[in-house]
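One structure is given here, and the rest of the page talks about it.
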2 protein chains.
Amino acid sequence: MARRSDHTREELTELALSSAEELLNIKPASELSTRQIATKMGYTVGTLYQIFKNLPDLLLHVNARTLKRLYNDCLKLDIKQHSAEQNILAYANLYLEFAHSHQGLWTLIFDNKVLGDEELPDWYLMQVKALFSLIEQQLRQIKPRSSEQEITQISRVLWSSVHGICTLSINNNLFVQSACSSQELIASLIRNILKGWTNG
Amino acid sequence: MARRSDHTREELTELALSSAEELLNIKPASELSTRQIATKMGYTVGTLYQIFKNLPDLLLHVNARTLKRLYNDCLKLDIKQHSAEQNILAYANLYLEFAHSHQGLWTLIFDNKVLGDEELPDWYLMQVKALFSLIEQQLRQIKPRSSEQEITQISRVLWSSVHGICTLSINNNLFVQSACSSQELIASLIRNILKGWTNG
DNA sequence: ACCTGAACACCGTTCAAGT
DNA sequence: ACCTGAACACCGTTCAAGT
């Protein structure tokens, strides 16, 4: 045993993260374990603790990759062809679509297990900020005169709401028997918030 | 050992639930275990499995009690004195306040560990429905001519949004450095959604 | 009938020991 | 320096054995 050097530290990191991601496609985060990830990598648990501080730390890095992917998906949208409101709707639909097609990864972003008791590191918060700035950019086009504080506030309101609908539509426990699709809900939401905002 | 009969089955259920609730005041759901609950009750784990199917089942009953408490708190609000919009805002603030002062209990309601792979039982969904009907009642006063489907849709949009803001304000990871309080966000949200809705 | 204690198959994390 | 395997202190769940 010892010093296999089959992989560099970077390769090992990549291997760990992609192994975790693959497992999350099959099972929920609550059933994910360090031993399973290590086995999928072809290593033992101990190796994982050379790369990451602990399991929450590993999962935080999985989340960082998910945010990056989400951001890149957003950049691929053809923004210039449409109105700001249409673009915001497009972002929201992309978000909803992503949440549904990558349930495991998406749910993990908001899993309390990841955060633990520690604060989120700066490099992670920067990624969150980058995503918000996409929405803020569109909001500024709608109402160019509004203050930065107002833009921040509305972007948070909008996004929290979209997020809330995604959450509840995924573990579809809270819509009871209602027939309304989450797409319709989001469309209605954005229309109403923006209408209320611009008429204010 | 055996047949202590110190407690009836009902007392045992009550004991289990309140023990779990007390533990949730101290630590997050991820650190809650059957063994801890049993110890706090003064029994062994086995006893827990005579009362509940498993841990998710126990937690589901904790959630049911939380919903009941939330519902009772809502009923205590002095609704008749104010406008429908003011009442909705009051419900939302109550919800936000509850989320903050009972973080452990509130977070558990949306914990994926509870649901597992099974559907939520009808008696539980009824409780969720009861809470929604409070909001729907107010919405009907705002726009008495709207269809039931419209009421349902708007209530879901409203509540998902409020919920989203609560979620993100609790694990305050996603507001980055923004200075806006969640109370302001919710007020802004409700105002805008309702304005958008009534002007449509 | 009710409760226990031990067992089973798992966890996350650490660390001496090997190369 | 890197990796392993065993160890520690925990899990959820089951069930024979006791009264």
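Within every chain, numbering begins at 1; the chains are lettered A, B, ... in the order of the sequence lines, protein sequences first and strands thereafter. From a predicted model like this one, the values you see are computed outputs, not experimental measurements.
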Whole angstrom value for the distance that separates [atom2] of [N] from [atom1] of [X]:
| X | N | atom1 | atom2 | value |
| --- | --- | --- | --- | --- |
| A:M41 | D:dC3 | CE | P | 9 Å |
| A:L32 | C:dC10 | CG | P | 15 Å |
| B:E31 | D:dG12 | CD | P | 12 Å |
| A:H7 | D:dT4 | NE2 | C1' | 17 Å |
| B:E11 | C:dC2 | CD | P | 13 Å |
| B:Y49 | D:dG12 | OH | P | 6 Å |
| B:K113 | D:dC11 | NZ | C1' | 10 Å |
| B:R9 | C:dC3 | CZ | C1' | 12 Å |

Candidate nucleotides [options], ranked by approach to the side chain of [X] - the nearest:
| X | options | answer |
| --- | --- | --- |
| A:T44 | C:dT13, D:dG5, D:dC11 | D:dG5 |
| A:Y43 | D:dC2, C:dT4, D:dT4 | D:dT4 |
| B:R35 | C:dC11, D:dG12, C:dG12 | D:dG12 |
| B:L12 | C:dC3, C:dT13, D:dT13 | C:dC3 |

If hydrophobic clusters are built from ILVMFWY residues whose side chains come within less than 4.5 Å, do [X] and [Y] share one?
| X | Y | answer |
| --- | --- | --- |
| B:M126 | B:L75 | no |
| A:L59 | A:V45 | no |
| A:L17 | A:I26 | no |

[X] side-chain N/O to [N] phosphate OP1/OP2 under 4.0 Å:
| X | N | value |
| --- | --- | --- |
| B:Q36 | D:dC11 | yes |
| B:T47 | C:dT4 | yes |
| B:Q50 | C:dT4 | no |

**Request:** Indicate the ring-plane relationship of A:H163 and A:F110, choosing parallel, tilted or perpendicular according to the 30° and 60° boundaries.
**Result:**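 A:H163 and A:F110: tilted rings.
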Hey, does [X] reach any base, or is it just sugar-phosphate, or nothing, if we go heavy atoms under 4.0 Å?
| X | result |
| --- | --- |
| A:I51 | nothing |
| A:I37 | nothing |
| B:S33 | sugar-phosphate |

**Message:** I'd like to check the side chain to side chain donor-acceptor pair (under 3.5 Å) partners of A:S83; sequence neighbours left out, ordered by chain and number.
**Reply:**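 Result, side chain to side chain donor-acceptor pair (under 3.5 Å) vs A:S83: A:Q86.
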**Side chain proximity check, A:S101 to A:E97, heavy atoms < 4.5 angstrom** =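 When only atoms from C-beta onward are counted, A:E97 and A:S101 do touch, with a gap below 4.5 Å.
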**Working for side-chain hydrogen bond (donor to acceptor under 3.5 Å, both in side chains), residues B:Y91 and B:W159** = CA-CA 10 Å; B:Y91 285 140; B:W159 197 81; over 6 Å; no
**Message:** Wobble G-U and Watson-Crick pairs count when both distances are under 3.5 Å; given that, what is the 5' to 3' dot-bracket string of DNA chain C, with | for pairing to other strands?
**Reply:** ||.|||||...|||||.||
**Item:** N-O pairing of B:E136 and B:R156 below 4.0 Å
**Value:**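 B:R156 and B:E136: salt-bridged.
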